[in-house]
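Chain naming here is simple, since letters A, B, ... match the order of the sequence lines and numbering starts at 1 in each. Fair warning: this is a prediction, and the values are worked out from it, not measured in the lab.
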Amino acid sequence: MDTRYNHKELEDKTYESWEKSGLFNPDNLNTDGEPFTVIMPPPNANGSLHIGHALFVTLQDIMIRYARMKGRKALWLPGADHAGFETQVVYNKKLEKEGRSFWKIPKEELYEEIKNFTLSNKQYMKGQLKKLGASCDWSREKFTLDDDIKEVVYETFKSLYDDGLVYRAEQPVNWCIKHQTTLSDLEIKHEEKTDKLYYIKYKLSDSDEFIEVATTRPETIPADIAVAVHPESKWSKLVGRKAINPINSKELPVISDKLVELDFGTGALKITPYHDSTDFTIWKNHESEIESKPISIIDQYGKMTAEAGSKLEGLKIKNARSQAEEILKESFSREPEEYKHQVAVCYKCGSIIEPRVMMQWFVKMTEKSNDKKLSLRDLAVNAVKSGKIKFVSDRFEKIFMHWMSNLRDWNISRQIVWGIRIPAWYCTDQKNDACRKKNGIIISNNKPDKCPYCGSTDLIPEEDVFDTWFSSGQWPFATLMSKPGDFEKFYPTDVMETGWDIIFFWVARMIMLGIYRTGDVPFRTVYLHGLVRDKDRQKMSKSKGNVINPLEVADIYGTDAVRISLVIGSVAGNDPVISEDKIKGYRNFTTKIWNAARFVLMNLDEKIDNIEPVFTEEDKADIERLNGVKKEVESQLDNYDFNHAGETLYHYFWHEFADKVIESKKPRLADNPNKEDKKAATETLLKILVASLKMLHPFMPFVTESAYQELPEKVRTKEFLMIENW
RNA sequence: GGGCGGUUAGCUCAGUUGGUUAGAGCGUCACAUUGACAUUGUGAAGGUCACAGGUUCAAAUCCUGUAUCGCCCACCA
């Protein structure tokens, strides 16, 4: 046994031998145990792994290795995510750096470029996962753009459509002017901005009276089609009369709706349905009272259109606003106020989200399907309420429920190139009622020969792609459906381990779509980890220069040190804290394990192999203590308390086994003439060592496996520590 | 506006259903050691458990309130 543990040499060699053995594949495990399944959250294939990935690899690998040693058919299914919008944003930035314009590259070329970019990242990340010791079954590796995965996604979409849970409609959506796509409600953030709140007189058509309207967006006034007042406001007596648009002098009916806030502004609201979602709702409620149709006066690039009028046409929103201010000065009822409010911005680029009304695909969240079964929301809520799905820690259950309680329909259309095309075609002819009733919508991935309703051959494809979360929300069952027999054996999976930041984006969607599609929950336990922070609790970011690259530090201190550093000292659901000093400290622990093992092995004496040991009281107490620790660690692991399990082991191995047990037995080793006593001492040490290596293995797989390989054959019952009986 | 969480040693954090003297790691200090140890060992100092009430034989832990920090959600223009 080498005097020093050389992680650089041993880690790669060890991983290779594990991989070659095929034992990451549960089919090759010689066991009758129950399956234990973890589907890996597929990392976005648009960069390299960061410390957060190292955290999830560690946590999931601990669960998998523990289960495997417990005799279960452990499946950890790896994969990678094409990560539609996220990747497109990354690639867009890359192009900007290279001085190329994203928008000038033909779509098909762009798709190919991003595909190559993604695939090469994916390959690179795979190597990184191996470096981190991930004992996942590479034979089952999946990619979110694999044909069979896409096929499952198409089927789900069609089924949702047939059940009336997916629909296409012209509705207000969040539009990012920079990225030229709509975003779901989750993909927007709210930022505090200070704007002017304008108070504007809308004169009545038949008298000198006026209604005072408050708005932050005077530039949208040309698109007003009504004025709404709260039923209890002082304006309510004017309901039914006509007001005059202060910019284009068109007549606007005065309507009453309690959606207008009584206490805000003046209690009167201008109604601009195509540029504000509240206005859209109010318009829908009063469609019969309002003659004119809503219009859009802002285009997709954030410029005023011709319909805004000659004075505003062509201006950007900001300039149009000042221009409108000029035009409206005469109509001000009082001076504009400084007004602080929350403005929706794109979560990626921070640019202001423009509400637009567009034809988009939506998933119904709270309404029931055609056959009156439960809504998607209820499916998920019931699963959590009934305890079929548990959150670790359970405070996430409250957060989850709160979010589920107020949900709006989910816009799943994206106008980006990098994604799975929505499998729909539109019949442009719509020759008969049957076709018109369907709005000419045909759900199919491949182009149909003709319209199934009216027989027309004038079919045009849907060009939008799915929100990535719509497809990745199906990941647990989609991945298992790709190999015959797997779904039956491994679904529902046991644990979904992921970051709490995507609890709504991903976890909620997986629960809803999983139950919808399979009738069973996708996983029984949701373990949520936090964001890795530095020793001062700061978020890691390149600009702060406090980023720790897991592969770099693993290279210096060994993967085991990085892994255990990420686990110890952080409770489930809290943000883990890590620093290079901490990793250095656990590197010393790695060394300690190696040396303690070396010491025990050095003191084995073949000459006394056949001697019957005579154990002292102390020896017996040591073994009893070992059993106590084992029980403790087991219960901690069973409760997903990896932090304390790691800490218990760390403390036990170093400060009890190494400092006390080994020290106290030293005089009984070496030249001890009492062979029975010497045998008892060495045997006790060996027993504790082997048991400790087993328990430490899920946390620090490399050093423990390497030490195990040095053990005398008689105590090595398996080819690898990895498959030893816990 | 609604919701969730934190406040314990210099720092980062544990503290299970209330129950001896409130713990760990790092840091600090003292001493020891060339050892199986890219060091390690032994020991020490250091806490009004945010604050104020309450329940209890007993509160870091349960209840109420206050302060303060953080996070999430959100169609008051």
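Residues A:H7 and A:D555 come closest through the heavy atom pair NE2-O, 2.7 Å.
A side-chain donor from one of A:H529 and A:E497 sits under 3.5 Å from a side-chain acceptor of the other. Side-chain contact annotation: A:D224 with A:T272, donor-acceptor N/O pair under 3.5 Å present. A side-chain donor from one of A:D677 and A:N672 sits under 3.5 Å from a side-chain acceptor of the other. Between the side chains of A:E289 and A:H286, at least one donor N or O lies within less than 3.5 Å of an accepting N or O.
Comparing atom distances between the A:Y650 side chain and each of B:C4, B:C26, B:A36 picks out B:C26 as nearest. Between B:U12, B:G15, B:A74, one nucleotide has an atom nearer to the side chain of A:H644 than all others, and that is B:G15. When distances are taken from the side chain of A:D276 to each of B:G3, B:A77, B:A74, the shortest belongs to B:A77. Considering only the side chain of A:F504, B:C72 comes nearest among B:C72, B:A36, B:U40. The side chain of A:H341 sits closest to B:A77 out of B:A77, B:U12, B:A36. Between B:A36, B:A77, B:A74, one nucleotide has an atom nearer to the side chain of A:Y339 than all others, and that is B:A77. Taking every side-chain heavy atom of A:N588 into account, B:U40 is the closest of B:U40, B:C73, B:G25. The side chain of A:T278 approaches B:C75 more closely than any other nucleotide in the set B:C75, B:A14, B:G25.
What separates CD of A:E261 from P of B:A77 is a distance of 9 Å, to the nearest Å. What separates CG of A:L669 from P of B:A36 is a distance of 11 Å, to the nearest Å. With rounding to whole Å, A:N406 atom CG is found 8 Å from B:G2 atom C1'. Taking atom CZ of residue A:F264 and atom P of nucleotide B:C75, one finds them 16 Å apart after rounding to whole Å. Put simply, CZ on A:F599 is 14 Å from C1' on B:G41, counting in whole angstrom units. Regarding A:I583, its CD1 atom lies at a distance of 18 Å from the P atom of B:U12, rounded to whole Å. Nucleotide B:G3 holds its C1' atom 15 Å from the CG atom of A:L407, rounded to whole Å. Spacing between atom CZ of A:R533 and atom C1' of B:G6 amounts to 12 Å, rounded to whole angstrom units.
The side-chain tip of A:K201 points at the ring of A:F210 from less than 6.0 angstrom away and within 45° of straight on. Geometrically, A:K666 engages A:F599 in a cation-pi contact, judged by NZ or CZ lying under 6.0 Å from the ring centre and within 45° of the ring axis.
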Quiz item: With Watson-Crick and G-U wobble geometry limited to distances under 3.5 Å, how should the secondary structure of RNA chain B be encoded in dot-bracket form, using | for bases paired to another strand and [ ] for crossing pairs?
Solution: (((((((..((((.....[...)))).(((((.......))))).....(((((..]....))))))))))))....
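Comparing the same atom, P, in B:A14 and in B:U55 gives a spacing of 31 Å after rounding to whole Å. B:U42 and B:G5 have their C1' atoms separated by 41 Å, with the value rounded to a whole Å. Here the separation of B:A52 from B:U28, taken at their P atoms, is 34 Å to the nearest Å. Straight-line distance between the C1' atoms of B:G15 and B:C76: roughly 45 Å, to the nearest whole Å. Using C1' as the reference atom, B:A9 and B:C26 are 12 Å apart when rounded to the nearest Å. Taking atom C1' on both nucleotides, B:G54 is separated from B:A44 by 40 Å, rounded to a whole Å. Atom name C1', nucleotides B:G46 and B:A30: the rounded distance is 15 Å, in whole Å. Across the P atoms, B:C63 and B:G6 are found 11 Å apart, a figure rounded to whole Å.
Not counting sequence neighbours, A:K592 has no partner by the side chain to side chain donor-acceptor pair (under 3.5 Å) test.
Between A:R356 and A:E354, no side-chain nitrogen of the basic residue sits less than 4.0 Å from a carboxylate oxygen of the acidic one, so the salt-bridge criterion is not met.
Here A:G265 lies out of heavy-atom contact (under 4.0 Å) with every strand. In this structure, A:A344 reaches neither bases nor backbone, as no heavy-atom distance under 4.0 Å exists between it and the strands shown. Within 4.0 Å of A:V213, counting heavy atoms only, lies no atom of the nucleic acid at all. Base contact: A:K592 has a heavy atom under 4.0 Å from a base atom. Looking at heavy-atom distances under 4.0 Å, A:K666 makes contact with a base.
By the 4.5 Å heavy-atom criterion applied to side chains, A:E337 and A:D195 are not counted as neighbours.
Between the side chain of A:K270 and the base of B:A77 there is no donor-acceptor pair of N/O atoms closer than 3.5 Å.
Looking at which nucleotide of RNA chain B each of A:I662 and A:E647 is closest to, the 5′-most match is held by A:E647. Comparing A:W403 and A:D659 by the nucleotide of RNA chain B whose heavy atom lies nearest to each, the residue mapping closer to the 5' end is A:D659.
For the OP1/OP2 pair of B:C75 and a distance below 4.0 Å, the side-chain nitrogens and oxygens of A:R408 include at least one atom meeting the criterion. Contact annotation: A:K189 does not reach the phosphate of B:A74 (side-chain N/O to OP1 or OP2, under 4.0 Å). For A:N574 and B:U12, the shortest distance from a side-chain N or O to OP1 or OP2 is not below 4.0 Å.
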